[in-house]
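Here the structure comes first, spelled out in structure tokens, and everything after it is commentary.
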Amino acid sequence: MYRGRFAPTPSGPLHLGSLVAAVGSYLDAKAHHGEWLVRIEDVDKPRAVPGAANTILAQLEAHGLEWDGPVLFQGQRDLTYQSRLNQLQEAKLLYQCDCSRQAIRARSSHYDGYCRNRQPRTAPYALRFVNKNPVTEFTDRAHGLVTDNAPSVREDFVLKRRDGLYAYQLAVVVDDIEQGITDIVRGSDLITPSFWQLTLWQEFTGTQPQMMHLPLIMNNDGRKLSKQNHAPPVDSSQASNNVFSALKYLDIHPEPELRHGPITDLLQQALQSWRKKWHKTGR
Ligand code: GLU
């Protein structure tokens with residue numbers, strides 16, 4: 001059974017760019033009669049803004065995007081992440097690395113495996129994954145075959161940071177696996193991390209989820225709309241108008257009057273269009 005998710009980082013309220021990812025992942029789950037889960041990605045605790053998670057959840061509700069099951073908070077899952085690391089440690093797929101960013105950059109454009117055979121290092125150290133079988137291609141439902149053979153895709157990436165925090169790459173994969181996610185639908189800014197994530201999926205489960213990366217909204221200066229460059233929050237009192245705008249970026253064009261009608265009518269029509277455009281037949 002299809003199970004998708006929306007996984008915002010609570011570093012601020014939803015803006016139009018994050019609404020595109022929310023709406024796209026929601027419609028794809030519903031179009032496949034699947035479940036749509038919400039996970040708050042507060043694994044990077046210093047980046048989490050107090051109150052942002054509740055604001056995001058309220059914004060989703062106001063935009064008619066009702067999720068299935070309980071919301072998962074990464075900030076409460078250290079024990080789970082640690083037990084996965086222990087599993088990798090036992091399989092000798094983890095090593096300590098105390099290289100500074102500067103030292104890494106001085107040697108190469110990517111991490112060159114310097115500490116692989118130099119254990120143990122002095123604290124504080126990061127934990128790196130022994131990347132023996134890197135995934136360098138996958139088939140994306142929107143982009144087709146995506147390939148990247150860059151040395152950084154093949155490097156021994158970090159699973160626990162030098163500051164003691166679990167890396168996003170680890171948390172997202174452990175959670176997606178545990179939540180039974182079959183389809184990952186999110187913004188195209190995450191295509192590159194997908195290679196590392198699919199490498200971990202392969203290691204933990206021997207399988208991979210289906211990926212679909214959605215268009216990003218760009219600023220006038222060509223940068224991705226994001227909280228970092230002060231994208232304004234979506235106004236919950238304008239839900240239909242906001243979803244209508246988000247749909248335009250997803251190349252879904254409902255009847256114009258729905259921009260001012262009830263959100264349920266708009267989502268219903270969008271769902272029909274999504275199904276025609278993106279339904280995976282034969283599932
Ligand atoms: N938490 C990530 C973000 O807000 C999304 C991660 C994902 O969808 O895999 O950019």
Side-chain angles (χ1 to χ4, degrees), residues 1-15 18-19 21-22 25-26 29 34-63 65-91 93-94 96 123-129 157-187 189-190 193-194 196-201 203-205 207 209 226-228 233 236:
M1 153 140 166
Y2 183 114
R3 197 178 255 190
R5 75 338 182 246
F6 175 57
T9 302
S11 52
L14 291 184
H15 51 78
S18 34
L19 189 66
S25 59
Y26 172 86
E35 287 179 341
W36 185 67
L37 277 50
V38 170
R39 180 170 74 230
I40 298 293
E41 300 214 309
D42 53 352
V43 65
D44 187 346
K45 291 170 192 135
R47 266 188 74 202
V49 171
N54 283 340
T55 304
I56 291 172
L57 295 175
Q59 286 174 304
L60 290 174
E61 273 177 337
H63 288 77
L65 305 172
E66 281 172 27
W67 56 89
D68 295 296
V71 175
L72 195 72
F73 288 80
Q74 289 188 329
Q76 299 168 359
R77 290 176 48 75
D78 284 4
L79 289 177
T80 309
Y81 304 142
Q82 188 57 49
S83 76
R84 283 293 190 170
L85 286 184
N86 295 346
Q87 181 188 335
L88 293 175
Q89 185 82 57
E90 276 161 32
L93 290 175
L94 214 54
Q96 300 170 353
Y125 48 75
L127 292 175
R128 287 185 180 271
F129 175 63
F157 50 92
V158 170
L159 295 185
K160 192 171 186 190
R161 297 171 11 177
R162 242 155 53 112
D163 59 10
L165 292 176
Y166 295 96
Y168 158 69
Q169 313 299 342
L170 175 74
V172 73
V173 173
V174 169
D175 292 343
D176 280 338
I177 291 171
E178 204 166 289
Q179 293 190 287
I181 300 301
T182 59
D183 289 71
I184 295 177
V185 178
R186 59 186 182 183
D189 52 326
L190 294 166
S194 295
W196 287 352
Q197 291 168 20
L198 292 175
T199 298
L200 281 183
W201 266 86
E203 176 58 38
F204 286 134
T205 67
T207 61
S226 72
K227 288 162 207 159
Q228 285 73 32
S236 287

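In this text, all values refer to a predicted model and were calculated from it rather than measured experimentally.
Residues satisfying the side-chain contact (heavy atoms from CB on, under 4.5 Å) test with Glu41, not counting sequence neighbours, are Ala7, Thr9, Arg39, Gln74, Tyr168, Val172. For Pro209, the side-chain contact (heavy atoms from CB on, under 4.5 Å) criterion is met by Ile184, Leu198, Trp201, Met211, not counting sequence neighbours. Taking Arg84 as the reference, Gln87 meet the side-chain hydrogen bond (donor to acceptor under 3.5 Å, both in side chains) condition, with sequence neighbours excluded. Here Arg128 pairs with nothing under the salt bridge (Lys or Arg N to Asp or Glu O under 4.0 Å) rule; sequence neighbours left out. Residues satisfying the side-chain contact (heavy atoms from CB on, under 4.5 Å) test with Asn86, not counting sequence neighbours, are Gln82. By the side-chain hydrogen bond (donor to acceptor under 3.5 Å, both in side chains) test, Glu66 is found to be paired with no residue, residues two or more places apart in sequence or in another chain being considered.
The shortest distance between side-chain heavy atoms of Phe6 and Leu65 does not fall below 4.5 Å. Glu61 places a side-chain heavy atom less than 4.5 Å from the side chain of Trp67. In this structure, Gln59 and Thr55 have side chains that are in contact, with non-hydrogen atoms separated by less than 4.5 Å. Put simply, the side chain of Pro193 reaches to within 4.5 Å of the side chain of Gln169, judged on heavy atoms. Considering only heavy atoms from C-beta on, Asp44 comes within 4.5 Å of Arg161 through its side chain. When side chains are defined from C-beta on, Thr80 does not count as touching Asp175, because their heavy atoms never get closer than 4.5 Å. When side chains are defined from C-beta on, Leu37 does not count as touching Leu72, because their heavy atoms never get closer than 4.5 Å. When side chains are defined from C-beta on, Leu159 does not count as touching Tyr81, because their heavy atoms never get closer than 4.5 Å.
Ion pair Asp68/Arg3 not flagged as a salt bridge, since none of the NZ, NE, NH1 or NH2 atoms sits closer than 4.0 Å to an Asp/Glu carboxylate oxygen.
Interatomic distance, Leu170 CG to Lys160 NZ, rounded to the nearest 0.5 Å: 10.0 Å. Between Glu35 atom CD and Asp183 atom CG the span is 12.5 Å, to the nearest 0.5 Å. Put simply, CG on Leu60 and OG on Ser236 are 9.0 Å apart, with the number rounded to the nearest 0.5 Å. To the nearest 0.5 Å, the span separating CG on Leu127 from CG on Leu93 amounts to 12.5 Å.
Side-chain atoms of Asp42 come within 3.5 Å of backbone N or O of Gly75 as a donor-acceptor pair.
For Phe73, the CZ atom is densely surrounded, since the number of other residues' heavy atoms within 6.0 Å is greater than 12.
Using cut-offs of 30° and 60° on the angle between ring planes, the pair Phe129 and Phe157 is tilted. In this structure, Tyr26 and Trp36 have perpendicular ring planes: the angle between them is above 60°, well past the 30° mark.
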